[in-house]
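Here the structure comes first, spelled out in structure tokens, and everything after it is commentary.
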Amino acid sequence: WIYESIKLLVFYGLWMGLIFAFDAFAQTQEQRQRLLALQKSLAEAQLAQLKAQLRPHFFFNALNTISALMQVDVPRADRLLSRLADLLRATLQWGDKEITSLRDRIHMLELYAQIMQERFADRVSLSWNADSAALGGAIPALLLQPLLENTFKHGVERSRDAVRIEIAARREGELMHIAIRNSGSELGPDRKDGVGLRNCRERLSVLYGDAAQVQLTQLPDAVEASVTLPWREHRT
């Protein structure tokens, strides 16, 4: 009787231990899911805030360009308003998506570049060299706009010579490489990242961690802003 009682107690103890272990595991998984959901929510909120900082900056620059031309060349200002309308229409069409295709992003850059080319007339030329294999890749919305804006701000506006701007993109295996380079500027020794560049780095960090990066490089005859991020096919 004593032996059977001991066996029963041992069996009961093991059974209760298993029950408590499964219950603890379930609670741990539930807490983990809650933590992941909270982290995702915080990341989405941070991304929304970062993107909200870029959009007004992007359009205010275009409006300032139009305002400057209204006093000296009304027909050109009118053309710029029409192109800005196209830009706004495209923005509304893609809505608040955080991720879009590189093809759509380049279209947005072209609309912005047309506005800036009207402003600077013969002082700037642009070339677009995106491999067809890269156009379907996924990229954060409004990631490249600050980089292109910087080429006009630090390159075209400060140079008396004609400036060449090249936008290039390619896919290499599981990575996408995008580069925006311009002549007419140099990286100073005390250079600090502006709001746009910091914003780009923060958004990439939230979305990809250490797998993505933004770099500024001084080339022999140009400054290059390059973006490297994991290759992902964009799905609508």
Please tell me if the side chains of [X] and [Y] come closer than 4.5 Å, counting only heavy atoms from C-beta onward.
X      : Y      : value
Leu204 : Val227 : yes
Leu147 : Ile178 : no
Arg83  : Leu111 : no
Trp128 : Glu110 : yes

Working to the nearest 0.5 angstrom, can you tell me the gap between [X] [atom1] and [Y] [atom2]?
X      : Y      : atom1 : atom2 : result
Ser183 : Ile165 : OG    : CD1   : 8.0 Å
Glu166 : Glu224 : CD    : CD    : 8.5 Å
Ile106 : Ile167 : CD1   : CD1   : 8.5 Å
Met176 : Asp131 : CE    : CG    : 10.5 Å
His154 : Asn182 : NE2   : CG    : 9.5 Å
Glu202 : Leu197 : CD    : CG    : 10.5 Å

Sidechain-backbone polar pair: Arg105 side chain, Thr100 backbone, donor-acceptor under 3.5 Å
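No, Arg105 side chain to Thr100 backbone: no donor-acceptor pair under 3.5 Å.
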
Sub-3.5 Å donor-acceptor pair from the side chain of Arg79 to the main-chain atoms of Leu81, do we have one?
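Checking the backbone N and O of Leu81 against the side chain of Arg79, no donor-acceptor pair under 3.5 Å is found.
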
Of the non-hydrogen atoms in [X] and [Y], which two are nearest, and what is the gap between them?
X      : Y      : value
Pro140 : Ile99  : CA-CD1, 3.8 Å
Arg181 : Ala168 : NH1-CB, 4.4 Å
Ala138 : Tyr208 : O-OH, 4.4 Å
Phe152 : Leu126 : CZ-CD1, 4.3 Å

State plainly whether one hydrophobic cluster holds both [X] and [Y], where clusters connect Ile, Leu, Val, Met, Phe, Trp and Tyr through side-chain heavy atoms under 4.5 angstrom apart.
X      : Y      : answer
Val72  : Ile115 : yes
Ile180 : Leu219 : no
Val163 : Leu216 : yes

Counting neighbours of CD on Glu186 that are heavy atoms of other residues, nucleotides or ligands and sit closer than 6.0 Å, is the number greater than 12?
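Result for CD/Glu186: open.
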
Should we say atom CG of Asn129 is surrounded by more than 12 heavy atoms from elsewhere, each under 6.0 Å from it?
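Yes, because the 6.0 Å sphere around CG of Asn129 holds more than 12 heavy atoms from other groups.
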
Intermediate values then yes/no, side chain to side chain contact (heavy atoms under 4.5 Å, CB included), Leu144 and Leu102
CA-CA 10 Å; Leu144 302 179; Leu102 178 63; 4.2 Å; yes

For Glu172, is there an ion pair with Arg170 - N to carboxylate O distance below 4.0 angstrom?
yes

